[in-house]
Number of protein chains: 2
Amino acid sequence: MISLAEENYLKSIYHLSQAGSQSVLTNELAEAMNTKAASVTDMIKKLSTKEFISYEKYYGVNLTTKGKVVALSVIRKHRLWETFLVEKLGFSWDEVHEVAEQLEHIQSKRLIEKLDEYLGFPKVDPHGDPIPDTNGKIKALQQVMLASLKPGAASMIVAVKDSDSQLLKYLDKIGARPGKTIKVIEREEYDGSMEVSINNQRFFLSKEVSENILVNA
Amino acid sequence: MISLAEENYLKSIYHLSQAGSQSVLTNELAEAMNTKAASVTDMIKKLSTKEFISYEKYYGVNLTTKGKVVALSVIRKHRLWETFLVEKLGFSWDEVHEVAEQLEHIQSKRLIEKLDEYLGFPKVDPHGDPIPDTNGKIKALQQVMLASLKPGAASMIVAVKDSDSQLLKYLDKIGARPGKTIKVIEREEYDGSMEVSINNQRFFLSKEVSENILVNA
DNA sequence: ATATTATTTTAGACAAGCCTAAAATAATAT
DNA sequence: ATATTATTTTAGGCTTGTCTAAAATAATAT
Ligand SMILES: [Mn+2]
Ligand SMILES: [Mn+2]
Ligand SMILES: [Mn+2]
Ligand SMILES: [Mn+2]
């Protein structure tokens, strides 16, 4: 049996290892999990014993195949539930993440397969993130941060950061949704801010914002 | 903040106090919660401190108004989720209880109100049990056990026990669903079994079964 | 009224998951 | 190469919710 805490650690390790390409370090994980490094060390020992991760002292952790399966299953559930909340219950995209953080831990294979079917087997969630299939296969996205585009470049928004409600409300207001095309007009080197156009309207985006909008690579 | 364990205790106390009419005793609760009496004593001290129950040493516990609110909120969630699983996801009525035991602990006022609306504000769950409204008001049912009917009596099934999957499959097979009329043909005094008719078909029911079918009083 | 039995509470312990403070190790700067 | 700094681990402790065994209390039988 796997606990809620263990599931959350595995999910977090998965996300962090997608971001950076090396082993996930204790401090990174502590930061992401909102705990202390000592607590992380405790937990990674347990996860290592259970063979969900491989762990080299002082050099961080990596998911095993077994651990990846768990992580992707939790992510699948999270994204299916977010889709349900938006598509069926009429939540807005900035209200779903917190609830999905709870729902992702419900243990029932049958439930999640039925839900998937009920939703018409969606491929992406309301924030544009891909939904892993039953076997944990996930579509590797060809995506980069908007922040990395050069002035003059235009690209389609594929996903946005899902966990910041404030940000999502703002993105909604300026029409920055997955599927929309965004064009970089100017980019200020010293603070990384940029002027962009969406739907023929112009906006100034801080570096912060432009790093949380993902566009087609 | 109230924990999952506390919620389950309060729910259990509510159900037990509906059954018997006196205070809920430590041993009853231990039996229902599948724990030991010592654990129950620990927990009822906590619940008493938090004023969810009133507790007199050696004489059992009673829910306070505050405790009843929590219990009914959990029961509301449980029954709405069961309804969702059957009505929307196509579960059968014998598959939903276990999953609802998990879903009933999801914390989100908005979620449960949206779900209620999505389901069309149902009044009863798939097993015929009444769903408390937002304010915790629940329709007091005029119901008795089928076991208490005398030969010749006929009455409408209003609810069945929801937590025994085997029983529910059997009830489904013989057509014993809420809304159906059931007539007692004969009753064997020595073991409490009875012969009944449903949909003009005859069946022999054990005492066990006849105590888990509730009919109009 | 007293002895026996059943129920409940207390005492003490344990696992999970977290914490702070101190020690160990690795990375970096001189 | 050595000293300083940053990171990670260890040590020890806390809370929640559980357990077993023993003590206390209540209920029942004689
Ligand atoms: Mn999310
Ligand atoms: Mn999302
Ligand atoms: Mn149920
Ligand atoms: Mn039910």
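FYI, side chains are in, hydrogens and waters are out, and symmetry mates aren't considered; it's all heavy atoms of this structure. Order of the sequence lines fixes the chain letters, A, B, ..., with proteins taken first and strands second; residue numbering starts at 1 for each chain. All figures in this text were calculated on a predicted structure; none of them were measured in a lab.
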Which whole-number value in Å describes the distance from Glu6(A) CD to dG17(C) P? 5 Å
In this structure, how many angstroms lie between the C1' atom of dT9(C) and the CG atom of Asp42(B), rounded? 9 Å
Lys50(A)/Glu6(A) ion pair, N-O < 4.0 Å: yes
Would you please confirm or rule out a distance under 4.0 Å between OP1 or OP2 of dT8(D) and any side-chain N or O of Lys36(A)? no
Hey, would you say the His97(A) and His78(A) ring centroids sit under 6.0 Å apart? yes
Between Asn34(B) (CG) and dC19(D) (C1'), how many Å, whole number? 14 Å
With a 4.0 Å limit, can you tell me whether Lys46(B) has a side-chain N or O closer than that to the phosphate oxygens OP1/OP2 of dG17(D)? yes
Is the distance from OP1 or OP2 of dC18(C) to the nearest side-chain N or O of Tyr9(A) less than 4.0 Å? yes
Does a nitrogen or oxygen in the side chain of Tyr55(A) sit under 4.0 Å from OP1 or OP2 of dT9(D)? yes
Lys/Arg-Asp/Glu bridge criterion (N-O < 4.0 Å) met for Lys207(B), Asp191(B): no
Nearest to the side chain of Ala38(B), which nucleotide is it out of dC18(C), dT9(C), dT10(C)? dT10(C)
Do NZ/NE/NH1/NH2 and the carboxylate oxygens of Lys161(B) and Glu211(B) come within less than 4.0 Å? no
Taking any heavy-atom pair under 4.0 Å as a contact, classify Ser39(B): base, sugar-phosphate, or nothing. base
In whole angstrom, what separates Lys45(B)'s NZ from dT8(C)'s C1'? 10 Å
Considering every strand and a 4.0 Å limit on heavy-atom distances, what is the contact class for Thr41(B): base, sugar-phosphate, or nothing? base
Using a strict cut-off of less than 4.0 Å between a Lys/Arg side-chain nitrogen and an Asp/Glu carboxylate oxygen, indicate whether Lys36(B) and Glu31(B) qualify as a salt bridge. no
Partner of dT25(D) under the Watson-Crick or G-U wobble criteria, both distances under 3.5 Å, comes out as dA6(C)
For Asp133(B), is there an ion pair with Arg76(B) - N to carboxylate O distance below 4.0 angstrom? no
Assign Ala5(A) to base, sugar-phosphate, or nothing according to its heavy-atom contacts below 4.0 angstrom with the strands shown. sugar-phosphate
Here the distance between atom C1' of dT8(D) and atom CD1 of Ile44(A), to the nearest Å, is 9 Å
If we call it a pair only when both distances are under 3.5 Å in a Watson-Crick or G-U wobble match, what pairs with dA15(C)? dT16(D)
Rounding to an integer number of Å, can you tell me how far Tyr58(A) OH sits from dT10(D) C1'? 8 Å
For dT8(C), does OP1 or OP2 lie under 4.0 Å from any side-chain N or O of Lys57(B)? no
Applying the Watson-Crick and G-U wobble criteria at under 3.5 Å, what pairs with dT30(C)? Answer none if nothing qualifies. dA1(D)
Does Asn27(A) have a side-chain nitrogen or oxygen under 4.0 Å from the phosphate oxygens OP1 or OP2 of dA6(D)? no
Side-chain N,O (Ser3(A)) to OP1/OP2 (dG17(C)) below 4.0 Å: yes
Is the phosphate of dA27(D), meaning OP1 or OP2, less than 4.0 Å from a side-chain N or O of Tyr59(B)? yes
Mind calculating the distance between CG (Leu29(B)) and C1' (dT7(C)) to the nearest angstrom? 14 Å
Report the distance from atom CD1 of Ile2(B) to atom C1' of dT16(D), rounded to the nearest whole Å. 14 Å
